[in-house]
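Lettering of chains follows the sequences in order, A, B, ..., and the numbering in each one begins at 1. Since the model is a prediction, treat every value here as computed from it, not as a measurement. Keep in mind that the numbers below use all heavy atoms, side chains included, and drop hydrogens, waters and symmetry copies.
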Protein chains: 2
Amino acid sequence: MSLRYALLGLLSQEAGSGYQLARRFEGGMGRYAWHAQQSQIYPEVNRLAADGLVSVVDEGPRHRRTYAITPAGREQLRRWLTDPDDTPIVRNEQILRLFLLPCLDREDARAVLRHQAAASLRELEALHATVGEVGSGTGGGPVPVDLLVAELGLRYFQHLHEWSLWALEQLDG
Amino acid sequence: MSLRYALLGLLSQEAGSGYQLARRFEGGMGRYAWHAQQSQIYPEVNRLAADGLVSVVDEGPRHRRTYAITPAGREQLRRWLTDPDDTPIVRNEQILRLFLLPCLDREDARAVLRHQAAASLRELEALHATVGEVGSGTGGGPVPVDLLVAELGLRYFQHLHEWSLWALEQLDG
DNA sequence: ATTTACATGTAAGACGTTACATGATTCT
DNA sequence: AGAATCATGTAACGTCTTACATGTAAAT
């Protein structure tokens, strides 16, 4: 069901086509929250439309249909977000690899850690660039929630990066 | 394919039955790396046995079969762990919720954050208890890789907890 | 004796991946 | 004209969830 709410969430922030949704999944959403393929998005957004949770608000060139969230969709989204469901499902291939580091000898573990340190640094820098854009669009008003969420991503990759370096030090020492 | 390697990894650290594997998934592995159900584990461990990557090393009471990783299994596991595959898949319902916080009004966002702060603190404390056990089993020798991985979990929930508190402050201020 | 925990499994349906199919518009 | 990008979709196959079925051994 999560894909549903991921899509509703994106559309609640800004209307868009299936294609645009797929592009937005390549950003932060798909990178560290919930991954989805294009071929999964199109059928799901159609189901959302059939269920009245989104509606077509524009038809453009190349058969493009722009969807927007409906009041019913907004209500369902709110219910899901505020419903305190513990035991949330986690599937993270990257963390799984790190979690299984004890299966390797020290030399292999070192190599994986070096690779991880470089990868998390790259992600961190890419996010820094994206967040720069978000931040520049705000005046001196109240803190936009977007910035809080961007900060969560930054901290995540920073903590991963710092742990990788620390773990390498422990192995080398 | 990740479930395969999660199981191979657990069995490479210690032989065990399907039931024991399911129990071990309830710990750190399933909580913040890769989730799996009991009904998924039994068929997969049988497939691993059919493929010669694990083998039955003991049969106990109540039809219990204890599996151990084979050399072929160890080799496949090593290859997967050291193969630098970027674009790893992430599906994290908890992070998705946080990522969609901008869809809520401030009052609802605050409630979700308060809930999140409490949940991550609970996880942190639970992990602290588990790590205490792991740490007590080691003499003064070289740093066991298990401890590095435990530290990763601790840092993850700590950073989540700290971010939740920080985000609440930003909203309140 | 009854309950709890151990132990393994299957079947139906939902969800997700890979690969392919099709065509429109813009850019060079 | 040709290439790149925009745009939507389907079919086959693999993975995961939910719910059920079955029985054994230990604990109270």
Side-chain angles (χ1 to χ4, degrees), chain A residues 1-8 10-11 15-27 29-31 33-51 54-67 80 85-93 96, chain B residues 1-8 10-11 15-27 29-31 33-51 54-67 80 85-93 96:
Chain A
M1 290 272 77
S2 295
L3 173 59
R4 263 201 146 207
Y5 297 108
L7 290 169
L8 278 178
L10 288 177
L11 290 177
S17 65
Y19 188 83
Q20 288 171 331
L21 286 167
R23 294 293 134 262
R24 284 162 84 184
F25 261 88
E26 287 170 9
M29 172 73 86
R31 191 119 79 246
W34 199 269
H35 167 87
Q37 309 269 90
Q38 205 183 36
S39 65
Q40 219 186 330
I41 292 169
Y42 282 106
E44 187 63 42
V45 85
N46 279 329
R47 274 191 288 272
L48 284 168
D51 294 348
V54 305
S55 63
V56 177
V57 291
D58 188 40
E59 310 216 11
R62 303 182 230 197
H63 308 132
R64 172 206 208 130
R65 264 161 290 144
T66 301
Y67 295 91
W80 186 76
D85 163 26
D86 291 309
T87 66
I89 288 165
V90 174
R91 284 202 177 91
N92 189 324
E93 220 175 277
L96 176 59
Chain B
M1 289 270 79
S2 295
L3 173 60
R4 268 204 142 204
Y5 297 108
L7 291 170
L8 277 178
L10 288 177
L11 290 178
S17 65
Y19 188 81
Q20 288 170 330
L21 286 167
R23 294 292 135 265
R24 284 162 85 185
F25 261 88
E26 288 171 8
M29 171 74 86
R31 193 121 76 247
W34 199 269
H35 167 87
Q37 308 270 88
Q38 206 182 36
S39 65
Q40 219 186 330
I41 291 169
Y42 282 107
E44 187 63 41
V45 86
N46 280 330
R47 273 190 289 272
L48 284 169
D51 294 347
V54 305
S55 64
V56 177
V57 291
D58 188 41
E59 310 218 11
R62 302 183 232 194
H63 307 132
R64 171 207 208 130
R65 265 161 291 143
T66 302
Y67 295 91
W80 187 77
D85 164 26
D86 291 310
T87 65
I89 288 165
V90 173
R91 282 203 180 89
N92 189 322
E93 219 175 278
L96 176 59

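- The distance between atom CZ of Arg24(B) and atom C1' of dA7(C), rounded to the nearest whole Å, is 16 Å.
- What separates CD1 of Ile41(B) from C1' of dT8(C) is a distance of 12 Å, to the nearest Å.
- Arg47(B) pairs by the salt bridge (charged side-chain N to carboxylate O under 4.0 Å, His left out) definition with Glu44(B), not counting sequence neighbours.
- Per the geometry, CD belonging to Glu26(A) stands 13 Å off P belonging to dA7(D), to the nearest Å.
- When the P atom of dG16(C) is taken as reference, atom CD of Glu93(B) falls 11 Å away, rounded to whole Å.
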Do any N or O atoms of the protein come closer than 3.5 Å to N or O atoms of nucleotides 14-18 of chain D, and which pairs are they?
| residue | atom | partner | partner atom | Å |
| --- | --- | --- | --- | --- |
| dC16(D) | OP2 | Gln40(B) | NE2 | 2.4 |
| dC16(D) | O5' | Gln40(B) | NE2 | 2.8 |
| dC16(D) | O3' | Arg91(A) | NH1 | 3.4 |
| dC16(D) | O3' | Arg91(A) | NH2 | 2.8 |
| dT17(D) | OP1 | Arg91(A) | NH2 | 3.1 |
| dT17(D) | OP2 | Arg91(A) | NH2 | 3.0 |
| dT17(D) | OP2 | Gln40(B) | OE1 | 3.3 |
| dT18(D) | O4 | Ser39(B) | OG | 2.9 |

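- Residues passing the side chain to side chain contact (heavy atoms under 4.5 Å, CB included) test with Ala36(B) are Leu3(B), Phe25(B), Gln40(B), Ile41(B), sequence neighbours excluded.
- With sequence neighbours excluded, the residues that form a side chain to side chain contact (heavy atoms under 4.5 Å, CB included) with Ser2(B) are Glu93(A), Leu96(A), Trp34(B), Trp80(B).
- Counting only residues at least two apart or on different chains, the salt bridge (charged side-chain N to carboxylate O under 4.0 Å, His left out) pairs with a member in residues 15-25 of chain A are Arg23(A)-Glu26(A).
- Remark: C1' of dG23(D) and CD of Glu59(B) are 16 Å apart, rounded to the nearest angstrom.
- Here Asp51(A) pairs with Arg4(A) under the side chain to side chain donor-acceptor pair (under 3.5 Å) rule; sequence neighbours left out.
- Summary for the helix from dA1(C)-dT28(D) to dT28(C)-dA1(D): the axes at its two ends, each from 5 pairs, differ by 30° when rounded to the nearest 10 degrees.
- OP1 or OP2 of dT8(C) lies within a sub-4.0 Å distance of a side-chain N or O belonging to Tyr42(B).
- Counting heavy atoms from C-beta outward, Leu21(B) and Met29(B) have side chains that stay 4.5 Å or more apart.
- To the nearest 0.5 Å, the span separating OG1 on Thr87(B) from NE2 on His35(A) amounts to 8.5 Å.
- Across all their heavy atoms, Ser17(A) and Arg64(A) have their closest contact at CB-CG, 3.9 Å.
- Distances shown here put a side-chain N or O of Tyr19(A) below 4.0 Å from the OP1 or OP2 atom of dC6(D).
- Every residue was checked against the salt bridge (charged side-chain N to carboxylate O under 4.0 Å, His left out) condition with Asp58(A), not counting sequence neighbours, and none meets it.
- The side chain to side chain contact (heavy atoms under 4.5 Å, CB included) check on Val54(B) picks up Leu8(B), Leu11(B), Leu48(B), Ala49(B), Tyr67(B), with sequence neighbours excluded.
- Rounded to an integer number of Å, the gap from CG of Leu7(A) to P of dC15(C) is 12 Å.
- One atom, CZ of Arg64(A), and another, P of dT5(D), lie 16 Å apart when rounded to the nearest Å.
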What one-letter contact string describes nucleotides 20-28 of chain C from 5' to 3', where B marks a base within less than 4.0 Å of any protein heavy atom, S marks contact via sugar-phosphate atoms alone, and - marks no contact?
-> ----BBS--
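- In this structure a side-chain-to-backbone donor-acceptor pair under 3.5 Å is missing from Tyr19(A) to Gln38(A).
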